[in-house]
Amino acid sequence: MKRRIAAMIMIALLVVPTVVLAASVGYGARGDDVIKIQKALKKWGYYSGSVDGIFGSGTLAAVKSFQKKNGLKADGVVGPATAAKMGITLSSGSSSGTTTGDVYLLARIIYGEARGEPYKGQVAIGAVVLNRVKSASFPNTIAGVIYQRGAFDAVSDGQINLAPDATAVRAARDALNGWDPTNGCLFYYNPKTATSRWMLARPVLLRIGNHAFC
Amino acid sequence: MNKKVKILAWTVPALLCVALAAAVVWGAAQKARADEMSALSEEYVALYVNSCARCAQELADSVDAMSVSLEKLKATGSTAGRVFALEDIVRESAEAEKLISRIPQSQVESMELAAFLTRIGDWARSLSRRLLMGEAIGEKDTAQLDSLIASVSLVAERFSSMAAEGGFPSGTEEYDYYDVSDKNEEGGEPSEPEYPTLLYDGPFSEAVERAEPLGVTGEEGSEDEAKRKAEEIVGAPVSFDGRTEGTIPTYDFSAEGADISITVRGLNVLYFMKTPSTDISGIPDEAEYEGFVAAGEAFLRKLGYDSMAPSYAEFTDGTALISYVWKRGEVFVYNDLVKVRIDRATGEPVGLDARNYLFSHRERTFPEPTLSEDEARSAVSENLVIESSGLALIPVTPMTEALCYEFRGRCGSREFVVYVNAVTGREERVFMVIEDENGKSAV
């Protein structure tokens with residue numbers, strides 16, 4: 001038992017907030033800016049890896065070679081000058097920084113909980129999180145809802161820390177834009193694995209893929 | 001003895017010795033690592049248990065403080081004094097709400113209490129706003145305050161003794177987030193509400209939770225009719241996925257890469273979402289943008305929305321997402337909002353969200369402005385350089401709307417939209433327009 005708690009706390013401590021506030025993006029960064037950079041590099045033929053939103057060694061090498069070819073200092077850090085040459089604008093540093101963080105956090109819970117589910121089912125997970133934020137009975141921030149202890153399996157087992165794919169990011173954005181396929185649901189469960197009698201007694205409003213929403 | 005055998009006779013034991021030594025070194029390293037990990041684990045457990053204890057104590061303290069502030073509010077005679085007390089209540093409620101969700105316990109069990117603690121702050125904010133707008137405290141408010149004082153002092157007492165006697169969970173117990181005691185097991189909600197209902201107008205109020213979709217009218221349609229409508233919009237055969245119950249019951253259909261929900265009553269499109277054909281990003285030029293706006297308007301006309309005007313737009317994931325608001329004469333009605341998504345490569349509609357419109361659209365009586373635009377202008381901060389203006393019906397609280405003059409302008413490098421009530425002359429809302437690579441939005 002003790003070990004389980006310890007493991008849980010360690011995971012909690014390893015979760016580093018993903019809001020990037022610096023006006024430049026470099027090795028180790030994650031988020032929408034990195035996705036933008038990877039897409040631009042891919043478009044210009046410098047990068048052949050996956051557009052996963054993680055600034056790893058592949059992205060680093062691609063940025064360096066882009067900078068070298070374009071007469072920039074090849075430091076592997078995408079600042080305003082490199083971003084301008086790539087034809088992109090970084091959201092970091094501007095006032096939309098927190099919004100980017102919300103999209104990415106929501107995308108991670110969607111990916112952790114529902115990758116492999118139909119697209120609508122992925123948006124639905126984001127919608128349930130946002131319905132909880134709006135509800136008086138739950139914490140009033142996205143992070144508060146997601147990290148409430150025991151609320152989501154993907155948080156308890158660390159899957160929330162996987163890098164989300166482009167689909168999950170798009171689903172997060174759709175949910176934030178107001179798409180709610182669940183019609184206001186606050187809960188969902190997998191009927192094959194759920195055990196909570198309270199949950200199973202609630203009226204189900206709809207089913208999408210492996211999840212029942214209530 | 002054979003030479004080969006001789007070599008083997010000493011190399012085999014030697015190799016075994018080396019292997020043994022390596023195993024011992026490796027084992028010792030593993031042992032040290034395990035010790036380190038277990039020391040670390042103990043440290044983390046202690047850290048967590050302490051943070052739970054801190055939460056419990058702070059929760060008890062904040063509810064206790066809230067109880068005092070409520071009593072003070074009752075004994076205060078001046079508006080300024082009341083607003084100060086209400087501000088304290090707002091802060092204490094936010095604190096308590098945050099802490100209760102961190103106590104390691106079944107959140108399903110404490111949902112009702114969490115909602116009550118949140119609503120006290122929401123109620124206080126709404127009352128404080130009314131007092132600042134010149135309203136007097138009424139009999140209903142006093143009655144509400146009395147019932148609040150009674151139930152908050154009970155919660156405060158319970159928490160104080162729990163904190164003193166170690167009644168809060170310490171963090172080492174195993175528990176299930178979705179677990180409930182036997183009394184709450186059937187059907188979710190307990191039958192007797194433990195806390196008083198707060199009647200007020202705020203974002204977390206029960207009135208908002210129970211709001212009816214005013215724009216969903218007309219007869220119930222059949223699944224077949226809904227399917228025909230869905231296929232017309234998706235432009236391909238769709239299959240029926242089932243009905244969604246809830247506030248706006250819908251028939252749900254899907255096709256490859258497309259989902260659509262049609263309301264059971266009135267057969268309106270609630271949602272339509274199709275995978276875009278491109279991932280073009282960045283803000284388009286004016287001519288391209290006008291094309292998207294026209295495409296969106298044509299789509300809305302086809303669905304029966306006649307008088308819609310574009311407001312904000314966002315450009316992500318290969319689409320232009322344009323918000324259209326209902327326009328009655330010269331007045332923009334911001335609550336009656338429909339979002340349309342246009343594919344940037346094909347110019348085709350690939351999405352629609354009419355939830356806001358279907359919740360709020362209805363026949364309204366519009367007040368006549370009693371102020372001229374110039375008179376209203378004097379209520380706007382002199383720091384704002386006004387660039388354009390118009391009339392709009394905006395939500396001032398979740399349940400009420402007001403006719404306002406809308407002034408768009410700049411304060412330094414920032415763009416703002418300021419709303420001045422066209423009847424009372426009061427400055428109702430101030431929004432800052434945020435512009436990023438995805439477009440503009442107001443916060």
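In what follows, every chain begins at residue 1, and chains take the letters A, B, ... in the order their sequences are listed.
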Might you point out which heavy atoms bring A:V133 and B:F204 nearest each other, and give the distance in Å? O-CE2, 3.8 Å

Heavy-atom closest pair (A:R149 atom, B:Y177 atom, distance to 0.1 Å) is O-CD1, 3.1 Å

Looking only at A:P181, A:P118, A:A151, most heavy-atom pairs under 4.5 Å shared with chain B are made by A:A151

Return the OG1 to CZ distance between B:T319 and A:R173, rounded to the nearest 0.5 Å. 9.0 Å

Contacting moiety of A:K134, where chain B heavy atoms sit under 4.5 Å: backbone

Scanning both residues in full, the closest heavy-atom pair of A:R170 with B:P276 reads NH1-CD, 3.5 Å

So for atom CZ, which belongs to B:R243, do other residues, nucleotides or ligands contribute more than 12 heavy atoms lying within a distance under 6.0 Å? yes

Minimum heavy-atom separation for B:D279 and A:K39, please, with both atom names. OD2-CE, 3.9 Å

Is it the backbone or the side chain of A:Y189 that comes under 4.5 Å from a heavy atom of chain B, or both, or neither? neither

Please check this pair: side chain of A:S196 against backbone of B:Y178, looking for a donor-acceptor N/O pair closer than 3.5 Å. yes

A:G184 and B:R355 have their tightest heavy-atom pair at N-NH2, 4.1 Å

Rounded distance (nearest 0.5 Å) linking atom OH of A:Y119 with atom OG1 of B:T275: 7.5 Å

Test log, rule side-chain contact (heavy atoms from CB on, under 4.5 Å), inputs B:M273 and A:K120: CA-CA 9 Å; B:M273 194 66 57; A:K120 185 179 163 188; over 6 Å; no

Need one label for B:E314: side chain, backbone, both or neither, based on atoms under 4.5 Å from any heavy atom in chain A. side chain

A:I208 CD1 to B:S254 OG distance, which is reported to the nearest 0.5 Å: 10.5 Å

With rounding to the nearest 0.5 Å, note down the distance linking OH in A:Y147 to OG in B:S101. 14.0 Å

Nearest heavy-atom neighbours spanning A:N183 and B:T244: CB-CG2, 3.8 Å

Taking NZ, NE, NH1 and NH2 as the nitrogens, is one of them in A:D174 or B:R341 under 4.0 Å from a carboxylate oxygen of the other? yes

Tell me which of these, A:V123, A:T182, A:V145, A:N140, has more heavy-atom pairs under 4.5 Å with chain B than the rest. A:N140

Between B:T250 and chain A, with a heavy-atom cut-off of 4.5 Å, which part of the residue counts as in contact: side chain, backbone, both or neither? neither

If I measure from the heavy atoms of chain A, does B:L321 come under 4.5 Å with its side chain, its backbone, both, or neither? side chain

Does B:K339 use its side chain to pair, donor to acceptor, with the backbone of A:W179 at less than 3.5 Å? no

Taking every non-hydrogen pair under 4.5 Å, which of A:C214, A:C185, A:P139, A:G144 racks up the most with chain B? A:P139

Full working for side-chain contact (heavy atoms from CB on, under 4.5 Å) between A:L206 and B:E245: CA-CA 7 Å; A:L206 80 157; B:E245 303 304 333; over 6 Å; no

Between CZ of B:R119 and OG of A:S137, what distance do you get to the nearest 0.5 Å? 6.0 Å

